[in-house]
Chemist: 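Structure in structure tokens, see below.
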Amino acid sequence: MKLFELNNKKQIPAVGFGVFMIPNNGPTYDAVLAALKAGYRHIDTAAGYMNESDVGKAIKDSGIDRSDIFITSKLWLQDYGYENAKKGIENSLKQLGVDYIDLYLLHQPYGDYLGAWKALEEAVKEGKIKSIGISNITLNLWDKFKDGMSIMPVVNQVEFNPFVQQKELRKVMNKNNIRLEAWYPLGHGNKDLLENKAILSLADKYNKNAGQIILRWIYQEGVISLPKSTNPERMKGNIDIFDFELTDEEMQSIQILDTGKPTHDPEDLSNEKRLMSVKIHD
Ligand code: NAP
């Protein structure tokens, strides 16, 4: 697995396995165990996915050294604010059954964001979390929060794929040395994306599937991707992307597919209201 370097000099596997919407108590356990067997060494979960405990069990039972696996989790909104965030971090550590988390993100940009960020910064100093990052942060939200942060986030995890390239956001993140992580790297299974002509013609040329071409393109863009699949063949295929290279011209043929329109707008007040009402514990 290829690695990228973060702004704190730590390394992160370029492709991680996402477990959003995979149920706990079995399915996530099976998927993570299969992913680790297939060669993934980076798992992306969240307190809000309510499957951290299956992720932790699968990692333990895999027999792979903890230090060889990169675990990302995320704090849910209900646990924002300084005091609540400290408890939320402890809960993630407990659910995962680990004594440190490699990367911990603030999942959504609402509520007492900077209070929660302060608790994340302290957890870094205490060695409970190795790196901290942000997610769903737009340019406006970055301007709102950046001055309240004393540790620079290592990543911003946002919607990113050939149809949603976040060009303006990336310029600013690059300037701050914050790496982008792609959620919905395959457009959440969007057929228009996976059956796009330009992508299919590259798939034909390199004897790969459309998903592999997209993930290779994301890798060459310097962005971390987090594809999800519960299909064993696709799971394996999604990390079998390091034996070919897209030319500059081929990279451009995908760059021009950008619509500039994410499907999720974090600044939309109805999203804020909906997400703030999601409770993951009493
Ligand atoms: P995705 O990875 O873009 O798409 C997954 C879908 O694509 C599944 O339906 C999967 O079906 C299919 N698929 C996988 N590989 C394929 C391939 N090679 N060819 C064709 N289809 C393929 O979207 P996602 O799972 O929704 O998002 C990925 C991860 O991003 C999540 O698991 C989560 O970790 C993270 N995420 C974060 C946020 C955030 O707010 N920070 C939001 C959303 C997601 P099969 O299972 O049948 O293969």
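Here the structure is a predicted model, which is why all the values come from computation and not from measurement.
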Chemist: State plainly whether the residues Glu122 and Lys125 are in salt-bridge range, i.e. N to O under 4.0 Å.
Modeler: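 Salt bridge between Glu122 and Lys125, a charged N being under 4.0 Å from a carboxylate O: no.
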
Chemist: Is the number of heavy atoms from other residues, nucleotides or ligands within 6.0 Å of NZ (Lys167) greater than 12?
Modeler: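 Enclosed: over 12 neighbouring heavy atoms sit under 6.0 Å from NZ of Lys167.
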
Chemist: Taking CE in Met1 as the centre, count heavy atoms belonging to other residues, nucleotides or ligands within less than 6.0 Å. Is the count above 12?
Modeler: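 Yes, because the 6.0 Å sphere around CE of Met1 holds more than 12 heavy atoms from other groups.
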
Chemist: Step through the shown structure and confirm whether more than 12 heavy atoms of other residues, nucleotides or ligands are within 6.0 Å of NZ on Lys279.
Modeler: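 Enclosed: over 12 neighbouring heavy atoms sit under 6.0 Å from NZ of Lys279.
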
Chemist: Tell me if a side-chain donor or acceptor on Asp54 pairs with a main-chain N or O of Asn25 at a distance below 3.5 Å.
Modeler: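 Judged by distance alone, yes, a pair lies under 3.5 Å.
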
Chemist: Does the ring centre of Phe163 sit less than 6.0 Å away from the ring centre of Trp217?
Modeler: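 No.
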
Chemist: Does Asn156 form a side-chain hydrogen bond (donor to acceptor under 3.5 Å, both in side chains) with Ser135? I'd like the steps, not just the answer.
Modeler: CA-CA 5 Å; Asn156 184 7; Ser135 178; 5.5 Å; no

Chemist: So, the side chain of Asn209 versus the backbone of Gly211: is there a donor-acceptor pair under 3.5 Å, distance only?
Modeler: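 Here the side-chain-to-backbone pair exists.
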
Chemist: Side chain to side chain contact (heavy atoms under 4.5 Å, CB included) between Asn91 and Asp79: does it pass, once the steps are laid out?
Modeler: CA-CA 10 Å; Asn91 201 40; Asp79 294 327; 5.8 Å; no

Chemist: Any donor-acceptor pair under 3.5 Å linking the side chain of Arg179 with the backbone of Ile224?
Modeler: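 Absent.
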
Chemist: Among residues two or more places apart or on two chains, list those pairs meeting side chain to side chain donor-acceptor pair (under 3.5 Å) that have a residue in residues 224-238.
Modeler: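 For residues 224-238: none.
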
Chemist: Identify the two heavy atoms, one from Leu103 and one from Gly133, that lie closest to each other, and give their separation to 0.1 Å.
Modeler: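 Scanning both residues, the minimum pair turns out to be CD1-N, 4.0 Å.
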
Chemist: Should we count CG of Asn207 as having more than 12 external heavy atoms under 6.0 Å?
Modeler: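 Atom CG in Asn207 is not packed in, count stays at 12 or less.
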
Chemist: Hey, is Asp99 close enough to Arg66 for a salt bridge, meaning N to O under 4.0 Å?
Modeler: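 No.
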
Chemist: Taking only residues two or more places apart in sequence or in another chain, which ones pass side-chain contact (heavy atoms from CB on, under 4.5 Å) with Asp143?
Modeler: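 If we apply the side-chain contact (heavy atoms from CB on, under 4.5 Å) test to Asp143, skipping adjacent residues, the hits are Lys146.
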
Chemist: Taking the side chain as every heavy atom from C-beta outward, state whether Gln212 and Asp240 have any atom pair closer than 4.5 Å.
Modeler: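 They are in contact (side-chain heavy atoms under 4.5 Å apart), so the answer is yes.
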
Chemist: Between Gln78 and His281 (side chain of the first, backbone of the second, donor and acceptor by atom type, cut-off under 3.5 Å), is there such a pair?
Modeler: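 Here the side-chain-to-backbone pair exists.
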
Chemist: Does one side chain, of Thr72 or Asp102, offer a donor that lies under 3.5 Å from an acceptor on the other?
Modeler: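 Checked: Thr72/Asp102 side chains show no N/O donor-acceptor pair below 3.5 Å.
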
Chemist: Got a donor-acceptor contact below 3.5 angstrom from the Glu159 side chain to the His264 backbone?
Modeler: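 Yes: the side chain of Glu159 pairs with the backbone of His264.
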
Chemist: Check this for me: does any side-chain nitrogen of one of Glu52 and Lys94 sit under 4.0 Å from a carboxylate oxygen of the other?
Modeler: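 Answer for the salt bridge query: no.
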
Chemist: In the structure I gave you, are the side-chain heavy atoms of Leu96 and Ser53 within less than 4.5 Å of one another anywhere?
Modeler: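 No, every pair of side-chain atoms sits at 4.5 Å or beyond.
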
Chemist: Hey, are Thr28 and Asn51 close enough side-chain-wise for a donor-acceptor pair under 3.5 Å?
Modeler: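 Short answer, yes.
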
Chemist: Below 4.5 Å, heavy atoms only, C-beta onward: do Leu186 and Asn161 meet side chain to side chain?
Modeler: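 No, too far: nothing below the 4.5 Å cut-off.
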
Chemist: Would you mind telling me which of Ile134, Leu75, Val155, Ile132 makes a side chain to side chain contact (heavy atoms under 4.5 Å, CB included) with Leu105?
Modeler: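 Answer after filtering Ile134, Leu75, Val155, Ile132: Val155.
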
Chemist: Between Tyr49 and His107, is the ring centroid distance below 6.0 Å?
Modeler: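 Between Tyr49 and His107, the centre distance is under 6.0 Å.
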
Chemist: How about Asp248: does its CG atom have over 12 heavy atoms from other parts shown lying under 6.0 Å from it?
Modeler: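 Not buried by this count: 12 neighbours or fewer within 6.0 Å.
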
Chemist: Mind checking ring pair (Phe, Tyr, Trp, His ring centres under 6.0 Å) for Tyr82 and listing every partner two or more places apart, or none if nothing turns up?
Modeler: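 With neighbours one apart ignored, the set is empty.
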
Chemist: Compute the centroid of each ring, for Phe242 and then for Tyr219, and state whether the two points are separated by less than 6.0 Å.
Modeler: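 Between Phe242 and Tyr219, the centre distance is under 6.0 Å.
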
Chemist: Quick test of your reading of the model: are Lys128 and Glu90 salt-bridged, counting only N-O distances below 4.0 Å?
Modeler: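 Yes, Lys128 and Glu90 are salt-bridged.
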
Chemist: Decide side chain to side chain contact (heavy atoms under 4.5 Å, CB included) for Ile214 and Leu194; before the verdict, give the C-alpha distance in whole Å, the side-chain angles of both, and the deciding distance to 0.1 Å.
Modeler: CA-CA 8 Å; Ile214 294 168; Leu194 291 160; 4.0 Å; yes

Chemist: Using distance alone, with no hydrogens and no angle criterion, decide if Tyr110 and Asn271 have a side-chain donor and acceptor under 3.5 Å apart.
Modeler: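 Not at all, the side chains of Tyr110 and Asn271 share no donor-acceptor pair under 3.5 Å.
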
Chemist: Can you spot which of Phe70, Phe17, Phe4 makes a ring-ring contact (aromatic ring centres under 6.0 Å, His included) with His42?
Modeler: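 Exactly one option meets the ring-ring contact (aromatic ring centres under 6.0 Å, His included) with His42, and it is Phe70.
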
Chemist: Any donor-acceptor pair under 3.5 Å linking the side chain of Asn7 with the backbone of Ile178?
Modeler: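 Looks like no, no N/O pair under 3.5 Å.
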
Chemist: Please name the residue in the list Arg216, Gln165, Gln255 that meets the side chain to side chain donor-acceptor pair (under 3.5 Å) test with Glu221.
Modeler: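 The residue from Arg216, Gln165, Gln255 that satisfies side chain to side chain donor-acceptor pair (under 3.5 Å) with Glu221 turns out to be Gln255.
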
Chemist: May I ask you to check whether over 12 heavy atoms, not counting those of Glu126, lie within 6.0 Å of atom CD?
Modeler: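 Counting neighbours around CD of Glu126, more than 12 heavy atoms of other residues, nucleotides or ligands fall under 6.0 Å, so yes.
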
Chemist: How about Ser92 and Tyr104: does a side-chain donor come under 3.5 Å of a side-chain acceptor?
Modeler: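 On atom types as modelled, these side chains qualify, holding a pair under 3.5 Å.
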
Chemist: Applying side-chain hydrogen bond (donor to acceptor under 3.5 Å, both in side chains), run through Thr138 and Asn140 and close with a yes or a no.
Modeler: CA-CA 5 Å; Thr138 59; Asn140 286 334; 5.3 Å; no

Chemist: Could you tell me whether Asp44 and Lys74 have a side-chain N and a carboxylate O separated by less than 4.0 Å?
Modeler: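 Between Lys74 and Asp44 there is a salt bridge, with a charged N closer than 4.0 Å to a carboxylate O.
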
Chemist: With rounding to the nearest 0.5 Å, note down the distance linking CD in Gln252 to OG1 in Thr247.
Modeler: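 Result: 8.0 Å between the selected atoms.
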
